[in-house]
Enquirer: 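Here's a structure for you.
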Amino acid sequence: MKSLLLLALGLARTVVLGARIEAERIVVSVRPYKREQRRCPVCGRACDFYDMANRGAPRLWRAMDLARSACYLEYAPCRVRCPEHGVRTEAVPWARHGARCIP
């Protein structure tokens, strides 16, 4: 099931933790590979942990629809301290820097 979701959504450098159906949408819990975590979104450098963004609440990103249902990726990113760019929310492989997530 997890590998099918990776292929269907075109996710790279990502681990699928699980999926659930809520009303008329599919929510897929994901996280970046360990080596991809805690990276500056501007320069891509591995950085030190600063704190949890939004007090650890998960964020949702819209993904490609699956079987006529809206699909969302769920992850609780942390903030990192980059020596060059300061404190930033960590980069995630499924979204570009500055992409908006769903509140």
Enquirer: When you compare the side chain of V15 with that of V30, does any pair of heavy atoms fall below 4.5 Å?
Expert: no

Enquirer: Using 0.5 Å steps for rounding, measure from the CD atom of E74 to the CH2 atom of W61.
Expert: 9.5 Å

Enquirer: Just do the salt bridge (charged side-chain N to carboxylate O under 4.0 Å, His left out) check on D48 and R81 with the steps written out, would you?
Expert: CA-CA 6 Å; D48 294 329; R81 178 179 286 144; over 6 Å; no

Enquirer: Crowded around E22 CD? As in, over 12 foreign heavy atoms under 6.0 Å?
Expert: yes

Enquirer: For a 4.5 angstrom cut-off between non-hydrogen side-chain atoms, does T89 reach R59?
Expert: yes

Enquirer: If I take atom OG from residue S29 and atom CG from residue L60, how far apart are they, to the nearest 0.5 angstrom?
Expert: 9.0 Å

Enquirer: For R79 versus A53, what's the shortest heavy-atom pair and its separation?
Expert: CG-CB, 3.8 Å

Enquirer: Would R31 and L17 count as a side-chain contact (heavy atoms from CB on, under 4.5 Å) if you check the C-alpha gap in whole Å, the side-chain angles of each, and the deciding distance to 0.1 Å?
Expert: CA-CA 7 Å; R31 71 165 173 79; L17 303 173; 4.2 Å; yes

Enquirer: So, is the end of the R25 side chain (NZ or CZ) under 6.0 Å from the ring centre of Y72 and within 45° of the ring's axis?
Expert: yes

Enquirer: Are Y75 and E90 linked by a side-chain donor-acceptor pair shorter than 3.5 Å?
Expert: yes

Enquirer: Report the C-alpha distance between S69 and E24 in whole Å, list the side-chain angles of each, state the deciding distance to 0.1 Å, and finish with yes or no for side-chain contact (heavy atoms from CB on, under 4.5 Å).
Expert: CA-CA 6 Å; S69 296; E24 295 185 10; 5.8 Å; no

Enquirer: Could you go step by step and tell me if V80 and R39 meet the side-chain contact (heavy atoms from CB on, under 4.5 Å) rule?
Expert: CA-CA 7 Å; V80 295; R39 298 228 172 238; over 6 Å; no

Enquirer: Before giving the answer on side-chain contact (heavy atoms from CB on, under 4.5 Å), spell out for H85 and C43 the whole-Å C-alpha distance, their side-chain angles and the decisive distance to 0.1 Å.
Expert: CA-CA 8 Å; H85 300 104; C43 64; 3.6 Å; yes

Enquirer: Just checking R20: does its CZ atom have more than 12 heavy atoms from other residues, nucleotides or ligands closer to it than 6.0 angstrom?
Expert: yes

Enquirer: What distance do D65 atom CG and L9 atom CG have between them, rounded to the nearest 0.5 Å?
Expert: 10.0 Å

Enquirer: Please name the pair of heavy atoms, one in A76 and one in G56, separated by the smallest distance, quoted to 0.1 Å.
Expert: CB-O, 3.5 Å

Enquirer: As an exercise, state the distance from SG of C47 to CD of E84, rounded to the nearest 0.5 Å.
Expert: 9.5 Å

Enquirer: Looking at every non-hydrogen atom in both residues, tell me the closest pair between A70 and R62 and how far apart they are.
Expert: CB-NH2, 3.6 Å

Enquirer: About how many Å separate OG1 of T14 and CG of L73, when rounded to the nearest 0.5 Å?
Expert: 8.0 Å

Enquirer: Measuring from atom CG of L6 to atom CZ of R13, what distance do you get when rounded to the nearest 0.5 angstrom?
Expert: 12.5 Å

Enquirer: Grab the two heavy atoms, one from P32 and one from Q37, that are nearest each other, plus how far apart they are.
Expert: O-NE2, 3.5 Å

